[in-house]
Amino acid sequence: MNEADSEGIAAAFRRRGYTLTEDIKKADAVVVNTCTVRQKAEDKAISQIGRLRVWKEKRPEGKIFVVGCAAQKLGGKYLKNRFPFVDEVVGAKAIEQFEDSLIRQLGPSPETETSHQNIYRSPQTAYVTIMRGCSHKCSYCIVPAVRGPAVFLSPEAVLADAQAKLAAGAKEIVLLGQTVNAYRHNKTTFDRLLRKVLQLPGLERLRFMSPHPLYFDGAFEALLAEQPKLARHIHLPAQSGSDKILKAMRRGYTSGEYLNLIARLRLAAPGLAVSTDFIVGYPGETEKDFKDTLAMVEAGRFSLAYCFKYSPRTDQPEMAADLPNEELENRLERLLAAVKKNSLLVLNERIGKIEEVLFETENYGRASGNFAVRVKAGGAPGRMERVLVAGAEKNTLNGKIQ
Ligand code: 5AD
Ligand code: SF4
């Protein structure tokens, strides 16, 4: 989501003739797009902003913008007080009004048209936001507080954005939102929206991120079965394998229901890759609860799992982390080891099979299942090729173009 917001911000600068540089010494403006999903992200943002003091001293005419979720949480008043050299603070809820801040600092844009160059993923992959915010109340999560309740964009707005990005050369679209499959705008449900996007000329592959286990239905399963351009990969955060912890987290499903759901999705799309997120050390998580999460890794046959140490996002005493950091580290390590072992098994199952690969360079691309694929030669940016998989190592398949 933040990457997608950064794309929008970069586009607003490009309309004013700016170009992107990785070298801060060459920059005339700096944008710090912040995250606060875990405390570590917020801490990183703070130290990044702190480091800009020297930059600003050397070029008082340079502009510093602090935007996003940590900016929303901490507030403009606090940030400008602590870092007086910051020119503008734009919280996540006001990110759509970033243009107003730009006008204040740099004047109006001479151009109205936005170019659709993608800078954060490969040029052939474009993000399209379909919803903002989240109306869930997962107990550990700060997102609803900093991004606000769920708001769905109209299908017209989604299609216009997708169309423009395809016209600019994108081959793959990633529909974005906190609970994308909860999408509903008047009569347009998630599956109907997907159907419309799938009809756009130039589209080779459609992904979405992230869905919530509560919102998949028969209509989606039917669409998945029928539409090969829908990626054979779903990132579906499970968070825990313990029913007690899932309940405390207010996730709305049990581990059994989650596993049944991915079994149904795999029935609709044989070979579907499923990746997930887990949190370890949620308050009250016992060794037994943690073992349920370890068991889930095997049962889910996940291609990948992002694992996080629980990070308290409120001051409520009952939400404090109740495990010593040593134990948190220990569980995280054991979980990561289980995930690594399991994903290698999943990867190895692909050997000898054909993968549809969208290439980003001559020898690197991504399979429909989101696996990274390497070949010796023959690929070209934006080209879809069939690759016979010969081997697997460290999250990457290798093979030969057919
Ligand atoms: N502590 C640890 N991990 C968290 N996530 C969200 N909130 C927290 C938290 N307070 C994780 C979840 C989510 C991912 C984006 O970040 O796993 O799916
Ligand atoms: Fe946070 Fe996702 Fe739960 Fe929304 S659904 S509250 S974004 S974890």
Side-chain angles (χ1 to χ4, degrees), residues 1-5 33-45 68-70 72-73 92-93 129-152 174-184 190 208-216 234-242 245-253 255 257-258 261 274-285 289-290 293 296-297 300 302 304-323 325 327-329 331-332 335-336 339:
M1 208 67 216
N2 275 26
E3 277 184 25
D5 288 342
N33 191 359
T34 63
C35 173
T36 184
V37 73
R38 287 168 294 276
Q39 188 58 41
K40 207 162 128 190
E42 188 179 307
D43 295 346
K44 258 199 228 170
C69 293
Q72 182 72 45
K73 176 174 173 250
K93 284 180 188 166
T129 300
I130 68 167
M131 68 177 293
R132 301 201 154 268
C134 179
S135 290
H136 275 254
K137 298 271 171 292
C138 301
S139 58
Y140 52 83
C141 184
I142 198 171
V143 171
V146 289
R147 284 197 178 262
V151 176
F152 300 105
V174 188
L175 301 178
L176 287 183
Q178 307 296 342
T179 55
V180 267
N181 55 342
Y183 182 89
R184 191 174 183 111
F190 184 58
F208 52 82
M209 208 168 51
S210 290
H212 189 291
L214 285 180
Y215 298 101
F216 281 125
I234 292 183
H235 181 73
L236 190 62
Q239 312 299 5
S240 172
S242 152
I245 297 296
L246 286 170
K247 195 159 183 213
M249 288 175 162
R250 294 198 287 265
R251 290 291 292 175
Y253 52 84
S255 56
E257 282 163 346
Y258 179 99
L261 169 63
V274 180
S275 58
T276 196
D277 292 349
F278 287 118
I279 297 173
V280 299
Y282 182 84
E285 185 190 86
D289 295 319
F290 175 66
T293 298
M296 184 102 165
V297 171
F302 298 109
L304 198 89
Y306 298 102
C307 306
F308 308 105
K309 284 195 284 184
Y310 172 68
S311 167
R313 301 320 286 127
T314 84
D315 294 335
Q316 287 166 269
E318 69 272 22
M319 292 305 292
D322 58 4
L323 287 171
N325 194 46
E327 181 56 22
L328 272 176
E329 288 284 353
R331 287 187 192 176
L332 183 66
L335 182 58
L336 287 172
V339 165

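Here the structure is a predicted model, which means the values were calculated and not measured. We count ligands from 1, going down the list as the structure has it; atoms in each ligand are counted the same way. Side-chain atoms are counted along with the backbone in the values below, which use heavy atoms only and exclude waters and symmetry mates. Numbering of residues begins at 1 and proceeds along the displayed sequence.
Between Arg38 and Asp43, none of the side-chain N atoms (NZ, or NE/NH1/NH2) sits under 4.0 Å from a carboxylate O, so this pair counts as no salt bridge.
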Show me a pair-per-line table, with atom names and distances to 0.1 Å, of protein N or O atoms that are under 3.5 Å from an N or O of ligand 1.
unit_1	atom_1	unit_2	atom_2	d
ligand 1	1 (N)	Ser311	N	3.0
ligand 1	10 (N)	Tyr140	O	2.9
ligand 1	10 (N)	Ser311	O	2.7
ligand 1	16 (O)	Arg38	NH1	2.8
ligand 1	17 (O)	Gln239	OE1	2.6
ligand 1	18 (O)	Gln239	NE2	2.9
ligand 1	18 (O)	Asp277	OD2	2.6

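Looking only at heavy atoms of the protein, atom 8 (S) of ligand 2 is closest to Tyr140 OH, 3.2 Å.
Ring-plane geometry between Phe308 and Tyr306 is classed as parallel, the angle between the planes falling under 30 degrees on a 0 to 90 degree scale with a further cut at 60. Under the 30°/60° scheme for interplanar angles, the aromatic rings of Phe278 and Phe302 are found to stand perpendicular.
Listed for the Thr314 side chain is a donor-acceptor partner under 3.5 Å among the backbone atoms of Gln316.
Side-chain atoms of Arg251 and Ser240 form no donor-acceptor pair, as typed in the model, at a separation below 3.5 Å. Looking at Gln239 and Tyr140, their side chains do bring a donor and an acceptor atom within 3.5 Å of each other. Donor-acceptor pairing under 3.5 Å is recorded for the side chains of Arg313 and Gln39.
At a cut-off of 2.8 Å, measuring from atom 3 (Fe) of ligand 2, the protein N, O or S atoms that fall short of it are Cys138 SG, waters left aside.
The only member of Phe208, Phe216, Tyr215 that meets ring-ring contact (aromatic ring centres under 6.0 Å, His included) when paired with Phe190 is Phe208.
With sequence neighbours excluded, the residues that form a side chain to side chain donor-acceptor pair (under 3.5 Å) with Lys309 are Asn325, Glu329. Here Ser275 pairs with His233, His235 under the side chain to side chain donor-acceptor pair (under 3.5 Å) rule; sequence neighbours left out.
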